[in-house]
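Could you have a look at this structure, given as structure tokens, before my questions?
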Amino acid sequence: MSPSGRNIVIPHLGRVEGHGGIFVKIVGNTVHEVNMDIFEGSRYYEALLKGKHFLEIQGIITRVCAICSASHTVAALTAIENALGVKQTERVHTLRGLLLLGATIESHALHVFALALPDFLGFDSVIGMASKYPGEVAFALKLKQLGNRIQELIGGRAIHPINTLVGGFGKLPGHRELQAIRSELQAALDPLMGAVDLVATLPVPGWAEQDTVYVALRPYEEAYRFRGVSICTSRGEEFPIESYRDVVREFTVEHSHAKHSALASGETYMVGSLARLKLWGHHLGGRAREAMGKLFPAGVQDNILLNNWAQLVELVHCVEHSIEVCDELLAMPEAPREMVDYEVRAGRGVGAIEVPRGTLFHEYELDAEGRVVSANVITPTAQNLANVERDMRTAVENVLAGGEQVDDSRLKLNLEMVARAYDPCISCSVHVTRLDGE
Amino acid sequence: MSVSLPEQLPARSAPRKLATGVNPYAPAQARIMRVQDLTSEIRLFDLRFTDAALAESFNFRPGQFVELSVLGVGEGPFSLPSSPTRRGMFQLGIRRAGTLTNYLFDHVIEGDFVGIRGPLGNGFPVELFEGQDVLLVAGGLGMVPLRGLLHYLIDQRDRFGRVMLLYGTRTPDQVLFREELESLARRGDAEILLSVDNAQGKPWGGRVGVVTELLDQVSFDVTNTYAIACGPPVFYKFMLEKLVARGFGRHRIFLSLERRMECGIGKCGHCAVGYTFTCLHGPVFSYWDAINLPELIYT
Amino acid sequence: MQTLRMNAGLLSSFLEALKAFGTLVAPVERSPGVFALEAIDDVSQARPEALRTILPFKKLLLKPRFVMLERRQGQYGADGADNDLGPVVYFGAHSCDIHALRILDLLYLSDYVDPYYKRNRDRLTVVGYGCMPDGKCFCQSMDTSTIDKDFDMFLTPLDGRYLVTVNSARGDDIVRANQHLFQPATRRDVQEYLERLKEREKAFTLSLDVTDLPYVLELKKDDPVWEELGKKCLCCGSCSMVCPTCACFNVRDECPEEDSAQRVRTWDACLYREYALVAGGHNFRASRADRVKNRYYHKQEAFVREFGMPSCVGCGRCIENCPTGINVVEVFQYVRGEA
Amino acid sequence: MPNGNDKPKVGIFGLTGCAGDQLQILNCEDELVRLAGRMDIVDWVMARSGNDHTCRLDVAFVEGVVATERDLETLKEIRARAKTLVALGTCAVWGGLPAMHNEMSREVLQREVYNTHVQFLDTVEALPPTHFVPFELSLPGCPIERHEFLRVVNSVLSGTEPDLPRVPVCWECKVKENTCRVIHAQEVCCGAMTRGGCGARCPSHGVACSGCRGPVEEPNYDANITMFAGRGISWLEIARRMSNFSAPVWMTQGLEQEVRRESKR
Ligand SMILES: Cc1cc2nc3c(=O)[nH]c(=O)nc-3n(C[C@H](O)[C@H](O)[C@H](O)COP(=O)(O)OP(=O)(O)OC[C@H]3O[C@@H](n4cnc5c(N)ncnc54)[C@H](O)[C@@H]3O)c2cc1C
Ligand code: SF4
Ligand code: SF4
Ligand code: SF4
């Protein structure tokens, strides 16, 4: 191994959703090149949407990514309804909220326990981890299942919901089912806090620390929420959602099928659980607040590895909040179906929501017959990609600065841990597009 | 030697019971005693019921069949190539064709257990054949049910007149029970003529040509002979009319039909041709009855 | 047979009383104008006058899908426990339904008795209800518009009361356990019943000409009409699923989990492509036209030859549930060259 | 299948797709732990690191479409390694949404999406893997249904071929006694053309089937189209609903012409 130059290549990153690799070129103790190489094929869904009827959008766009299918569904419906001027009823708003909570429980449970924790505990997969931590793994799978059950109940299916319609729902969940889900959520809280205690004992390495700009939506009410009213940065700026294109600047890079994003200032930034916690963690209450105290004893630090811990805090919040939402729904009378009437008209609408991996933007422009004129989707992973590369660079340099001989496998693990901490969703990331205005 | 056979009941009659159990869908366990390859694609399985009483009492008519199953894999109807004159054991000649049969070939060995329901179907009306000449015509796998009948006739040789077998396959290596048939012919128990479509350069003492041509090789007294035909659809297409052309009355020709079957007891409907359930009213029909079915027999 | 009367106001007490004899199953309204047979607790939900439920009573005897035989961890399960519905009281059977029940009995209780059917059949109490036909009913033509056997009780609605026919020992048990609900029928009741009968006979608007139908079909075996129908039919099987006398099933083995095996029985229809397919790929009814033709021949030709009556009871379910609008009555008019 | 004590080696692969079928496998939480004891999952990038990318495989599952040259290479490698190859999901079996009917050409799509001069020379028209190599088994669904996947795995592990129902969605829909979307709501429901197994999920939620599981064998497209048109539904609407999945199989010539004619008007 020549000390002056070496390449670290991870051809196919494991335990992430989609297909990507990492290439790092090191000369001496400095990193010359960092590429998160995304070779996922494109499916061009957004372009294929052009000319489609708005009622088709959800069924198509949800299939950008399975893990995020409920999130894309809600974002798309919000954008379409904004374009058409459809007002959500309170029940529809509440049910969609529960759907998002279910999606977040499932996604976070999968990521924290099955994809990220094996690194911290020294296993190559959750299956290996199950041999030493059978109870924890079993609980995590139960929790993930519960997230799926919520999505099944509200969306009709755990992946690619079908019950979610523009203006309402095909079929509403009955009180019996809601009650059953509620009691399972209640039962999950204590073991979840047990997992928090276990994770709180794990040391978090410092080599990934770095000052970062965070972006998240301001919640629609004074509480920790996944739907918001404006875009906020950790530097105190605030922008209306409709101007998201001016806040989030996309650019294409040679080495990747996915576009990258930066702020207007040219700075890269991070969206996701850590960003939300940094900006709105003070809204948390109950057990979630307790969990945050345990996992972030010194407040939210700028270390991307802590995103895993932030997801765990959010898991507690989601379980707790889902119980409250179930109660709200149980207080409403049972009904078979809920749909608001609306008229088809030309319009443009944006839907922005906080999804497990960060802020997701959908925008559609419809013509007078309801056909798609333009579509634009900006996913959290695409927004994070530039920051991922920046964090990887720092991580490698910090480790090398330690002075000792560091072999490739150690560097590879560090790089993978950074990538995984972002919980990247590569399938989503390659579908960033803007259709209009050549 | 004379054996009494189960009665041929009219279909849609008073409730009746299956030898293998009160629940006609539940199989009785049988053990595979021996497995022999007849050809590369057809195997002969010797079976015996685990229940000793059932093993001894199991009686059937030539031409009847059983449903063989492996729970979790599948079930299928198979004719009995053995004769009720030989008790205790029965045989099945099975061709590799799909899910169940693949499993039988790839995973089932001597000593294993399978499920059997039966006997099913009407079987050949052997009482009619007494004192008469019997002409068996088989094509391909059609030899399987006819071999049971052949054994039955030979085991009670004095009750019947001439016993003739005309049997055709595509190639010499597809001739089922070849040695056995040759030795029966040598002993003079039956007049047996074999043919192949193509000898493929292999040693072959029989004829070369389609099986229908064998009919021209023998002479018979059609007023005193029953013809029993069994083979694939194309075989019927040519053979049956040829028999009629040779002077056979349609009611003197019997054949065994194949249809998709799921239950074997006249309930599931799959084998129904009109309202005739191949499994219950058949699979043996006279040619006259068969042409009166609303769908052609060989489609 | 015994004839009684019951005050209309007592219907819910009567239904409550029926619960003592098994799970009460009656038509309920699923969505406006769409009915299904369901087990009910709240007797006010019962809509016995509903002419057709989507699925007929046959689901109370053989479930659309059940496990016939099962082995788990080497242990064999009780045969068909999955299809054991316990005692059921079927309220709201119409005359055509009861005729259809007879046809199923003919199939399942002769020769080899189907034990899964029989177990539920033996515990099925049938309480009929007099209906008024709509434009899709043609039971009159099929000679199934009235019934005089194979039920336990039958309620015919008259003005403010019911004429109650008791037709079995079990029906008698029900009456004896609820003496207070019934009174002897009067001459006026009988008179009104007869008037209603006449009115009902007049109410039919749809009729199917069955004159010599089996032979007409025999003659029309190779008619191009079947090709035409084959082009129109979706082969979705809906007509067979909803038909009270279509009783075909498929058997399939499954390994749902490790160390477990099941033999599963599901409703099937001769319209499905795989119905007559055998190993090696030969299909005895490969063309859609043959499959459609088979359904009509089975009901109106073959069954008649075998049992002296057709296996269609004229309930109109297939007319109501065919998405593409194939209508038996029109089909036969077409076959006769009348439309 | 297992020889001696060797557990069968299994690989799970995703080509270009949404990973829904792999996720659905992960969603078999309880069963997966048990299955892990009976088979050795040696190559599954989505769920583990440290995979063996070269060994022989007893069973391989492939999800997604071939959308890049690299996908095709990967597919061929998997085929060469695997004894039993199973196509997972509608994308793998039929092409699914990525092969959706749309009149835009691939080059236009690329330009529309990326809006730059970046060239991705390796992207090819999305086609199902079944188009390129032979498969032993196909399991459609978007995503696949858990119970069907487990049945396939259990059958394959016990050395037999799974026998999955091949009846249309209408079978399940009728059995669930749903209100028919065609008859009672005049909607374009693809149930009669679509292979069942989902439990008629959409009609059971009061939503017409969009055909996500791909066609049954020999679907009667023409009759379906005629039926919808006969119910007063516009050609555009029919095409809108029918062209999403398994296209271009579902876009019959006749329908395409009618749509063109109608949109000109
Ligand atoms: C009366 C009768 C006698 C038969 N005798 C013999 C025999 O002696 N030897 C022999 O090798 N074959 C015989 N067959 C054919 C044999 O039943 C099929 O080859 C066998 O059922 C195929 O099953 P599989 O699971 O391997 O094939 P698959 O194609 O996987 O079959 C699936 C299911 O379809 C049904 N099925 C498929 N093919 C047939 C068929 N040809 N007939 C009836 N049902 C079918 C069965 O229920 C089977 O379980 C006979 C068929 C009939 C009707
Ligand atoms: S064929 Fe149609 S009308 Fe006749 S009994 Fe069946 S469903 Fe009713
Ligand atoms: S709703 Fe769709 S799937 Fe259901 S019966 Fe009607 S056409 Fe078939
Ligand atoms: S009903 Fe149709 S669209 Fe819905 S899940 Fe089933 S196949 Fe897919």
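Below, each value reflects all heavy atoms present in this structure, side chains not excepted, and no hydrogens, waters or symmetry copies. Convention: sequence-line order gives letters A, B, ...; per-chain numbering from 1.
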Practice task
Could you look at A:Ala130 and say if it's the side chain, the backbone, both or neither that has a heavy atom under 4.5 Å from chain D?
Solution key: neither
Practice task
Heavy-atom distances under 4.5 Å only: say whether A:Arg149 touches chain D with side chain, backbone, both or neither.
Solution key: neither
Problem - Single hit among A:Glu152, A:Gln145, A:Glu106 for side-chain contact (heavy atoms from CB on, under 4.5 Å) with D:Asn27 - result: A:Glu106
Exercise for the section: In sequence, state the C-alpha distance, the side-chain angles, and the governing distance for A:His72 and D:Cys18, and then conclude on side-chain contact (heavy atoms from CB on, under 4.5 Å). Expected result: CA-CA 12 Å; A:His72 279 294; D:Cys18 74; over 6 Å; no
Completion exercise
If you tally heavy-atom pairs under 4.5 Å between each of D:Cys202, D:Pro143, D:Cys198 and chain A, the highest tally belongs to D:Pro143
Practice task
Could you look at D:Cys142 and say if it's the side chain, the backbone, both or neither that has a heavy atom under 4.5 Å from chain A?
Solution key: both
Handout entry: A:Arg157 CZ to D:His205 NE2 distance, which is reported to the nearest 0.5 Å
Key = 10.0 Å
Handout entry: D:Gly20 versus A:Ala66, closest heavy-atom pair with distance
Key = CA-CB, 3.0 Å
Problem - Nearest-0.5 Å distance that lies between atom CG in A:Asn148 and atom CD in D:Gln24 - result: 7.5 Å
Exercise for the section: Please confirm whether the backbone N or O of D:Gly206 pairs with a side-chain atom of A:Arg337, one donor and one acceptor, at under 3.5 Å? Expected result: yes
Problem - Pairwise distance CG(A:Leu55) to CD(D:Glu237) - rounded to 0.5 angstrom - result: 7.5 Å
Exercise for the section: Look only at the side chain of A:Arg63 and the backbone of D:Gly96, and say whether a donor-acceptor pair between them is shorter than 3.5 Å. Expected result: no
Problem - Distance, nearest 0.5 Å, that separates CG of D:Leu23 from NE2 of A:His160 - result: 9.0 Å
